[in-house]
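One structure is given below, encoded as structure tokens.
Each ligand, and each atom within it, is numbered from 1 in the order the structure gives.
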Amino acid sequence: DGELCLSRSLVNSSDKIIRKSGSSVFQHSVEGWKINSSLVLEIRKNILRFLDAERDVSVVKSSFKPGDVIHYVLDRRRTLNISQDLHSLLPEVSPMKNRRFKTCAVVGNSGILLDSECGKEIDSHNFVIRCNLAPVVEFAADVGTKSDFITMNPSVVQRAFGGFRNESDREKFVHRLSMLNDSVLWIPAFMVKGGEKHVEWVNALILKNKLKVRTAYPSLRLIHAVRGYWLTNKVPIKRPSTGLLMYTLATRFCDEIHLYGFWPFPKDLNGKAVKYHYYDDLKYRYFSNASPHRMPLEFKTLNVLHNRGALKLTTGKCI
Ligand code: CTP
């Protein structure tokens, strides 16, 4: 029973907890780390019982017609109309169909990346996944620039692009997307009500500027399936973070997954302050129950998987 086997070890792990500066962190070493290919295959097989990332990574054109009304995934009482623009941007087939890679990087947004000098290493992977349209050019030495797949929560429009209130915000956004060329831009548009006008503006800008970026919109079942997988493995996550979603999807396409920028703690191992995001001043209440995410629990889980050779977690300098 591969699944249970994984769950027992996730829960009963004897990973060393070291307490420093008031925060519990989990020790892992990158020296001597080795991929455990049979565990990688076992995890892929188990995740496939819950979701097929090739399919669930995006709905396709034939799933809907313009004017269809759908219920939000995490707010079933509210509905969204599939607009003409949105429909025209749905891919004909999954953007990840038949795509397989030897090594992939999943880049989270923690400030732990600052001064890491991981840029080159990140860019050396065959496929690089990033989150929430995080800026790269100004941070290239630490985070790299290659972006084959990038997520964008609708809230990013407000947070990083001034809600598109003026022309320069819109230009900045169009410029950012044009740098992505034909990479995948993954927009969770069907999760909760609130971001629909942002998604519409984004869609309109992509169409108007004839941007080459390949839009994808996660399936209505993805988040439940991902949560189901982790729950079955005794990792009770209310709402998986974008980073955990990306790792879970990547298990389908990547033989070796390297994670960077995952560090949901206010201090590093030496007690030095770590920014929540490497690129802005957003504050996060790491251990609050009010937050929909349980990133410290996710981190603990990823750390166990690192120690078992299922993935490689880098939180220090890349040398
Ligand atoms: N992350 C982390 N530690 C941090 C910040 C982020 O481990 N200090 C990881 C998380 O897995 C997160 C991912 O990096 O999902 C991307 O960061 P962010 O854009 O903040 O993620 P979201 O999950 O989309 O957060 P939110 O829902 O709050 O927008």
Ligand-side contact atoms (ligand 1) for residue partner Gly261, heavy atom cut-off under 4.0 Å:
1 (N), 2 (C), 7 (O)
With backbone taken as N, CA, C and O and side chain as the heavy atoms from C-beta onward, which portion of Cys131 lies under 4.0 Å from ligand 1: side chain, backbone, both, or neither?
side chain
Any atoms of ligand 1 less than 4.0 Å from a non-hydrogen atom of His277? List them with their elements.
18 (P), 19 (O), 20 (O)
Compare every heavy atom of Val136 with every heavy atom of Met179, then report the nearest pair and how far apart it is.
CE-CG2, 4.5 Å
Check ligand 1 against Asn132 and write out every atom of the ligand that is under 4.0 Å from a heavy-atom position of the residue.
18 (P), 19 (O), 21 (O), 22 (P), 24 (O)
Between Lys45 and Glu42, is there a side-chain N and carboxylate O pair less than 4.0 Å apart?
no
Does the ring pair (Phe, Tyr, Trp, His ring centres under 6.0 Å) test come out yes or no for Phe139 and Tyr278, once each step is laid out?
CA-CA 9 Å; Phe139 303 95; Tyr278 68 82; 5.1 Å; yes
I want to check something: taking the side chain as every heavy atom from C-beta on, are Ser94 and Arg99 in contact at a cut-off of under 4.5 Å?
no
I want to check something: taking the side chain as every heavy atom from C-beta on, are Ser58 and Trp186 in contact at a cut-off of under 4.5 Å?
no
Using a 4.0 Å cutoff against the non-hydrogen atoms of Asn153, which atoms of ligand 1 qualify?
24 (O), 27 (O), 29 (O)
Which heavy atom of Asp68 sits nearest to which heavy atom of Ser63, and what is that distance?
OD2-O, 4.5 Å
Could you list which atoms of ligand 1 come closer than 4.0 Å to a heavy atom of Tyr276?
4 (C), 5 (C), 8 (N), 20 (O)
With clusters defined by side-chain heavy atoms of hydrophobic residues (ILVMFWY) lying less than 4.5 Å apart, directly or transitively, does Tyr217 cluster with Leu222?
no
Of the side chain and backbone of Leu282, name the one, both, or neither that has a heavy atom under 4.0 Å from an atom of ligand 1.
neither
When only distance counts, is Ser241 in polar contact with ligand 1, meaning an N/O pair under 3.5 Å?
yes
Using a 3.5 Å cut-off on N or O atoms only, is Lys275 in polar contact with ligand 1?
no
Looking at ligand 1, does Arg159 have a heavy atom less than 4.0 Å from it?
yes
Using a strict threshold of under 4.0 Å (side-chain N to carboxylate O), is an ion pair present between Arg221 and Asp52?
no
Quick one: look at Trp263 and ligand 1, take heavy-atom pairs under 4.0 Å, and tell me if it's side chain, backbone, both or neither.
backbone
For Ser183 and Asp148, which heavy atoms make the closest approach, and how far apart are they?
CB-O, 3.3 Å
As a check for students: among Val106, Asn109, Thr151, identify the option with a heavy atom nearest to atom 17 (O) of ligand 1.
Asn109
Nearest-option assignment for atom 15 (O) of ligand 1, heavy atoms, candidates Gly243, Pro264, Pro296, Pro266
Gly243
